[in-house]
Structures are given as structure tokens and as C-alpha cells.
Amino acid sequence: MDTSEITPENVYLSRREFLKGIGIASTSAIILAACKGQGTPVTSIPSTPTGTVADDGEKEPLTSFEAITNYNNYYEFSTDKEAVARLSKDFPISPWKIEVGGLVNKPKTFDLDDLNKFSIQERVYRLRCVEAWSMVIPWMGFPLAELLNEVEPTSAAKFVRFETLYDPNKMPGQNNSWYEWPYVEGLRLDEAMNDLTLLATGLYGKNLLPQSGAPARLVVPWKYGFKSIKAIVKIDLVEEMPTSLWMAAAPNEYGFYANVNPDVSHPRWSQATERRIGETGRRKTLMFNGYADEVAHLYSGMDLSANY
Ligand code: MTE
């Protein structure tokens with residue numbers, strides 16, 4: 001796929017505009033601003049040490065809104081990244097319900113009003129796709145832990161299983177019988193509870209568009225992008241490790257953990273470097289996508305070379 005038409009100027013201009021809009025001068029923070037409900041951030045809060053500053057201290061510019069919303073992986077609509085925006089344009093995202101249940105004391109179905117009651121934060125994260133391209137995205141959302149705490153997982157709950165809507169009339173890619181629909185993903189409960197794990201409802205200060213996984217999608221920035229499941233309708237707390245759509249489709253290529261790791265190649269390509277959308281050349285891929293300080297402890301004692 002050739003994305004050379006996405007110009008660096010575009011990226012630069014969008015970044016300037018965005019930074020001007022929220023009144024700060026740096027993209028270094030993962031938490032740039034916080035506000036109640038969705039929409040424009042109202043309060044700037046101090047930056048935290050992680051985010052879009054690489055290990056060498058280099059500032060990484062935001063990917064443009066145009067690129068983030070026109071270069072998408074969303075197989076429910078198309079396997080052509082540049083066709084997803086057009087094909088998902090009329091996908092109905094309201095009303096919407098997310099049913100949260102399984103091993104919990106207080107199962108609850110969240111509608112859009114319920115989701116809007118969470119305090120929305122803005123966080124800039126790298127997104128590293130398993131296909132070796134990446135972006136820097138200013139998400140709006142709230143820690144998934146807040147929603148999970150509301151339903152009170154029982155002590156038997158060890159994993160969280162997420163499911164995308166299944167409706168082949170609205171998502172024509174689901175007629176493709178190569179895959180076991182609906183799209184399913186999973187996290188270990190401690191991964192799901194980690195503060196970096198977001199339920200995202202927007203980006204660049206606006207509600208998500210359909211192609212980005214509206215109305216609500218997961219964002220797990222230290223894992224390959226396929227873990228960040230879109231258009232979630234069901235979240236279940238479970239005892240056993242869930243089988244994801246990708247584990248079922250190609251178990252020798254896509255594992256459950258899927259932590260970004262430059263030292264472990266995909267069977268068909270290296271993961272050592274990545275193409276940042278909007279830039280020429282390649283960047284070195286960082287262990288845990290640059291979030292090792294926040295998440296490496298989750299995997300102490302695990303053999304990371306077998307962790308794909
Ligand atoms: N979620 C669903 N339901 N369907 C998908 O095809 N693709 C995944 C993930 N979530 C996908 C999905 C992959 S492979 C990636 S890299 C990211 O979404 C891409 O997110 P983006 O299109 O917002 O960049």
C-alpha cells in the first residue's frame with residue numbers, strides 16, 4: 001500500500017492547529033487535557049512523563065486527522081484501508097449499547113448517555129499496527145478500569161473478552177467467510193485494569209467517526225493495533241483466555257498477548273522498524289511501543305521471545 005500521498009505538510013499543519021486549539025506547546029503528554037463529557041477539552045492538566053516523547057527525547061508529531069481517518073483497518077467494511085472511510089460512512093452509531101457481564105457482581109448495559117457520564121480525558125498514544133506502520137493519535141476516552149470497577153468483577157474473573165457488533169447488513173465485510181465473526185479480542189484482567197488501557201470515544205477533540213470504531217473502541221497502546229477492537233457491543237469478564245478472531249484465523253501468526261516487540265519477528269516480516277504514516281523513512285520500533293515503564297511489570301517472569 002502506497003501512502004506517499006499523505007504529505008508531511010499535512011501532518012505538520014494539523015499538528016499546529018491542534019496544539020493551538022488546546023492551548024499547549026508540546027505533544028509530550030499522554031494526558032493533555034480533561035473534560036466532562038465529549039467535545040472540546042476545557043482544562044489543561046500537567047503533562048505526565050510518558051507518551052509521545054521517544055526514549056531519546058525526540059518529540060513525535062501527531063499524525064494528521066486526515067490520515068487517521070482515511071487509512072484504516074476495519075475488516076467489517078473492507079480489507080482496503082483507503083476504502084473503509086467511504087464504506088462505513090453511513091454505519092449507524094446511535095443508539096448503541098454495550099452489555100457488560102460475565103463474572104461480575106453488577107452486570108450493566110451502558111448506552112451512550114451512560115458512556116458520556118465518564119470523565120473524558122485526552123491522551124496521545126502511538127498506535128503500532130502488526131503490519132509495521134504506525135501513527136500518533138490524540139484519543140479522547142476514559143480508562144477501561146473505571147467501567148470495569150462499576151460492574152465489580154468477581155475474584156473468579158481472570159480475563160476480559162470484547163466483541164464487536166455482528167450485523168452483516170450494516171457491516172458487509174462480515175459476509176467474508178474467511179473470518180469467524182464477530183471480531184473478538186481479549187485482555188488479561190490486569191492488562192485491562194492498567195491505566196493506559198482506554199475505552200476511546202473520540203479523537204482530535206471530536207467524537208469517533210465510524211471508520212475509527214465509533215461509538216466506542218478499545219485502545220491498548222503497548223500492543224499491536226489489532227488488539228484495539230472497534231465498535232464494541234459486549235464486554236465479558238471470564239475465567240479462561242478468550243480466543244480472538246486473529247488467533248482463530250492464523251494462530252501461528254497472531255497470539256493473545258501481541259505486545260509490541262522489535263525483537264520478535266512476525267513469521268512473514270521483521271518487527272524491528274516501522275513506517276510512521278506521514279513520514280518518509282522508517283523508525284525503530286520500541287519495546288512495548290515505548291510504554292515499558294508502565295507495563296513491563298505485567299510480564300515479569302514471562303518469556304517475551306515467545307510472546308507474539
Ligand atoms: N476492530 C474491528 N472490529 N475490526 C477490525 O478489522 N482492525 C484492527 C483494530 N481494530 C479491526 C479492529 C487493526 S488490525 C488495527 S491496526 C486497528 O484497529 C486500526 O485502527 P485504526 O483504523 O483506527 O487505525
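Remember, it's 1-based here, ligands and their atoms both numbered in the order they're listed.
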Q) Is any NZ, NE, NH1 or NH2 atom of the basic residue among Glu274 and Arg282 found under 4.0 Å from an Asp or Glu carboxylate oxygen of the other? A) no

Q: Verify the distance criterion only: is there a donor paired with an acceptor across the side chains of Ser78 and Asp80 at less than 3.5 Å?
A: no

(Q) Using a 4.0 Å cut-off on heavy atoms, what residues surround ligand 1? Order them by chain and number. (A) Asn72, Asn73, Tyr74, Tyr75, Glu76, Leu127, Cys129, Trp133, Thr164, Tyr183, Arg217, Gly225, Phe226, Ser228, Ile229, Lys230

(Q) Using only atom types and a distance under 3.5 Å, with no angle test, would you say the side chain of Arg123 pairs donor to acceptor with the backbone of Pro138? (A) no

Q) Any Lys/Arg nitrogen of Glu163 or Arg161 sitting under 4.0 Å from an Asp/Glu carboxylate oxygen of the other? A) yes

Q. For residues Arg128 and Thr285, is any side-chain donor paired with an opposing acceptor at under 3.5 Å?
A. yes

**Q.** Short N-O contact, Glu60 and Arg276, less than 4.0 angstrom
**A.** yes

